[in-house]
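Step one of this worksheet: look at the structure below.
Atom set for the values below is all heavy atoms of this structure, side chains included, hydrogens, waters and symmetry mates excluded. The chains referred to below are lettered A, B, ... by the order of the sequence lines, with proteins before strands, and numbering in each begins at 1.
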Amino acid sequence: MAYPFQELEPKWQQYWEEHGTNRTSDDTSLPKFFIMDMFPYPSGAGLHVGHPEGYIATDIIARYKRMSGFNVLYPMGFDAFGLPTERNAMKTGIHPAVITQQSIANFKRQISIIGLGYDWSREIITSEPRYYKWTQWIFTLFFNSWFDDDVQKARPIEELPIPDHLATEEEKEEYRDSKRLAYVANMPVNWCEALGTVLANEEVDEWREKGYTVERRLMRQWMLRITTYSQRLLDDLELLDWPTSTKEMQKNWIGRSEGAEITFRADGTGEPIPVFTTRPDTVFGATYMVLAPEHALVDTLTTDEQREAVQKYRRQTEAKTDIERTDGKEKTGVFTGGYAINPATGERIPVWIADYVLAHYGTGSIMAVPGHDERDHAFAVQYGLPIRQVVAPADNSAWDIIGEAFTTDGVGVNSENTEVSLNGLPTPEAKDRIAHWLVEKGIGTKRIRYKQRDWLFSRQRYWGEPIPIMFYKDGGKRSLTIDELPLELPHVSDFMPAGTGESPLAKVESWTNFIDPKTGREAGFETNTMPQWAGSCWYYLRYIDPHNDTAFCDPDKERYWMDGGGIDLYVGGSEHTVLHLLYARFWHKLLYDYGYVSTKEPFHKLFHQGMILGEDSRKMSKSLGNVVNPDDIVTELGADSLRVFEMFMGPLEMTKPWATTGIEGVHRFLNRVWRLVAEEDGALSQQLADVEPTPEQYFVLHSTIKKVREDIESMSFNTAVAQMMIFVNEFTKEETRPRKAIEQFLLCLAPFAPHIAEELWSILGHSGSIFLQPFPAFDPEKLVQNDVEIVLQVNSKVRSRAVVPIDADESTVERIAMDDPQVQKHMEGKTLRKKIFVLNKLMNFIVS
RNA sequence: GCCCGGGUGGCGAAAUCGGCAGACGCACAGGACUUAAAAUCCUGAGACCCUUGGGUCGUGCGGGUUCAAGUCCCGCCCCGGGCACCA
């Protein structure tokens, strides 16, 4: 018969709730531990067993840390604004706020029956005005800031030096607008007609996978100047205890590259055409130039004969998204008819346009070196452009430059003019030499470029944070001040897109047409809203001080909880590697620049839990019918079984399939735990006694305490569970079970299986929660054994074993080994060549 | 193509520093209890050879270092994830 989990689990959940067992204390004299899950987006679909895996892990750590004397902040909230809810609203006609409420209620019910010990008094919901007031406030901080390159930090826009030649107030304001960290721009965007909104570059793939069509359009958009922080976002990765793969991905995303900017000039007009290259040493091999089709100089360079072809090509590329431009393997392009002068060789080289050159990277134009760049090589072959070798392999071997580009480092050849020669120089030195020459001649400088682009921050949607900016009908705009926030999302019954590429807010008269009470001017609010990612950029800070109405977070509380370089542990899926985690770091750095937060980084340690697959080893999905619902598991086997099994399945970071028989095994284990302490009817077991544990029992107990402690700290929960199983196996065998040992064991088990641990703790006669007890310490002396089994080898093969006193020395062990019949047998008639002795491990005789 | 992970029994997986490969669990087999079954408890088990004792092989593949390699080095293969015209 199974232990009565169905009664005792809700009982203890209610007890914790009533007694505030999981509340965070305000006692800042205690050492703190700030541990967080990535908060969920509450969809209507509900959870499958994969979702709470990370939550269970953090709950175990949170409970363990509390028992270890830490003041633990372990909160939960909801990322509640976003597209899926709005789409659902459009389908059902139910207001997104109502849908959100329902989804959250269902979600909370599902996670509370698992016994997760969140401090719900700190719950935050990003779509609530008292939360997004501060999201908007941070936005105004971006709007009212510029980035000072000299000190590498954000400063108030009023402190921006205005160039003298700007006289009128309009000109000055235009200049300020061009420097603001939140700015409006006409951007080619990823427009999705079906969704009625634009998408961030980072989001495009996700929606395409779902079958949506995304096209290129020029639209007025809000942008955040994240690129000004590229270098800091890159550098500060060093401070973080994150998975290396995640750091690598962010590095690649930021994509720093060192090189040079070289100014070519148009033949005839002398118009400068700067290019960015990481291989300035190959400039002698630049046999043509390519501009992005959108490049500003295309018009002036194009000759009349070529104009028609150029315009046709430009129209073709305009319609394509970035992804489509990179789809085709074959390179396309058109000759402009114009020529430029290669500043190193003085040669006249043709200027082409081609969509393999991207307008937004570097200068939007390149010097093409087909001998030493694969893309240029392919293009040159396609259109019969000259290919010249200017770098040779270091060993001077021959290279078929017409057949294939030589792209690695080598030594310079054919690279000489009257002033400079790179011939014979290894690539790194050649780069230096040419850089010197370029700077000297004023035709080039060293440059660093980043792949990362500014963050497209507006969405043409209703269900998001309103952007707290008003535009005056007679020109100009202002951000709302803190007393005017939150700018509440107006309640509408029609949340269909305006159909004009504008958000539903454009249809709300009171939103777009009013008198600004501060200035008396006619004005309208921005009709775009913020993207899904906005609310999650700073929510961790709000947990620290969730009910503060005068600041987003009290500075003293912030310093206490963020001490040690940020949140102590942040757990969530790796799918957020380059979006949420990069955006949140960016926002944090702005707040840091103003002294609102005390750490450079928000998340000191990060951990990604793996995925749980269906029993068929495929991703759980409704369509495959392999979804396992945690509600069913809790009903049939209990929350504790679910918790312990999810931890026992394997390493937390791994992807692993669900196994029904596996959880039954864990359920059996918990039943064994129950019977270790209690009779079938719930009375205290007759086999428990107040006796001193034997040395062997002590050894098992203290090994268990040690292992569980270490494994929780290193997040190796699976092996901690295995060790607890060993404990139960050992003590189940015993006729008489020392009460003391059993109690200590229950304390170890408590973070994993809190309900059964509480119940057995009270059966043992204790009043009050088991979680008020300190986590047991292990005694190293109890782990010392008198004897140890060692291996006896002959020629490195195990031939026998012997039990010897611990730390027995070589001569003792050698004597024992020599007396061993198996060892003797294998050494018979052979000569001893060598003896190898490893303390407490082995004795190895090498014979011939 | 490039950058990260990973490959260990029938299955999920263990294995600080190079030192007994396969802990723990699942599934399986045998036994005890039972009229019987379920539940529970006990026992067994990497593969192959073998009469017992035992022997041989074995951590994706091929080499190497070492008294000793899942672990270190070199070269491959396969799987998962990410990036991919970024000059």
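- Within 4.0 Å (heavy atoms only), A/V290 reaches no atom of the nucleic acid at all.
- The nearest whole Å value for the distance from the CG atom in A/L670 to the C1' atom in B/G25 is 13 Å.
- Nucleotide B/G75 forms a pair with B/C61, judged by Watson-Crick or G-U wobble geometry with both contacts under 3.5 Å.
- Taking only side-chain nitrogens and oxygens, A/K797 comes nearer than 4.0 Å to OP1 or OP2 of B/C57.
- Of the two residues contacting RNA chain B, namely A/M367 and A/S796, the nearest-nucleotide position lying further toward the 5' end is that of A/S796.
- A sub-4.0 Å separation between OP1 or OP2 of B/C26 and a side-chain N or O of A/R668 is present.
- A ring-centre distance under 6.0 Å is not found for A/W242 and A/F607.
- Listed pair A/R799 / B/G55 meets the phosphate criterion, a side-chain N or O lying under 4.0 Å from OP1 or OP2.
- The side chain of A/T577 contributes no N or O atom lying less than 4.0 Å from OP1 or OP2 of B/G82.
- The CE atom of A/M249 lies 12.5 Å from the CG atom of A/L582; values are rounded to the nearest 0.5 Å.
- Put simply, CD on A/Q382 is 17 Å from P on B/C85, counting in whole angstrom units.
- If you take CD1 of A/I262 and C1' of B/A87, they are 11 Å apart, rounded to a whole angstrom.
- Atom NZ of A/K841 and atom C1' of B/A21 are 14 Å apart (whole Å).
- Checking the phosphate oxygens (OP1, OP2) of B/G55, a side-chain nitrogen or oxygen of A/H826 falls inside 4.0 Å.
- By the 4.0 Å N-to-carboxylate-O rule, A/E828 lies too far from A/K825 to be salt-bridged with it.
- When heavy atoms are screened at a 4.0 angstrom cut-off, A/N729 is found touching the sugar-phosphate backbone but no base atom.
- Between A/E615 atom CD and B/C11 atom P the separation is 16 Å, expressed in whole Å.
- Atom name C1', nucleotides B/A45 and B/G30: the rounded distance is 11 Å, in whole Å.
- In this structure, B/A29 and B/U43 make a Watson-Crick or G-U wobble pair, each of the two defining distances being under 3.5 angstrom.
- Here the C1' atom of nucleotide B/A27 and the CZ atom of A/F645 are 13 Å apart, to the nearest Å.
- Using a 4.0 Å heavy-atom cutoff across all strands shown, A/M654 reaches sugar-phosphate atoms only and no base atom.
- Note on A/H608: nothing from the nucleic acid sits closer than 4.0 angstrom, heavy atoms only.
- Atom pair A/D711:CG and B/C24:C1' shows a separation of 12 Å (rounding to whole Å applied).
- Nucleic acid contact for A/P657: none, since no nucleic acid atom lies under 4.0 Å from a heavy atom of the residue.
- Rounded to an integer number of Å, the gap from CG of A/L613 to P of B/A13 is 10 Å.
- Ion pairing of A/E730 with A/K733 is present here, as a side-chain N (NZ or NE/NH1/NH2) and a carboxylate O approach within less than 4.0 Å.
- The six-membered or imidazole ring of A/W658 lies near that of A/F645, with a centre-to-centre distance under 6.0 Å.
- A heavy-atom distance below 4.5 Å is found between the side chains of A/L581 and A/Q250.
- Contact annotation for A/I846: backbone-only contact, meaning every heavy-atom pair under 4.0 Å involves sugar-phosphate atoms and none involves a base.
- Looking at heavy-atom distances under 4.0 Å, A/E789 makes contact with a base.
- The side chain of A/Y356 places no N or O atom within less than 4.0 Å of a non-bridging phosphate oxygen (OP1 or OP2) of B/A87.
- Between A/H667 and A/F5, the distance from one ring center to the other falls under 6.0 angstrom.
- Between B/A87 and A/R447, no contact under 4.0 Å exists linking OP1 or OP2 to a side-chain N or O.
- Look at B/C83: its Watson-Crick or wobble partner, with both distances under 3.5 angstrom, is B/G1.
- Put simply, A/N718 has a side-chain N or O that comes within less than 4.0 Å of OP1 or OP2 on B/A14.
- Side-chain N/O atoms of A/N252 include none lying less than 4.0 angstrom from OP1 or OP2 on B/C4.
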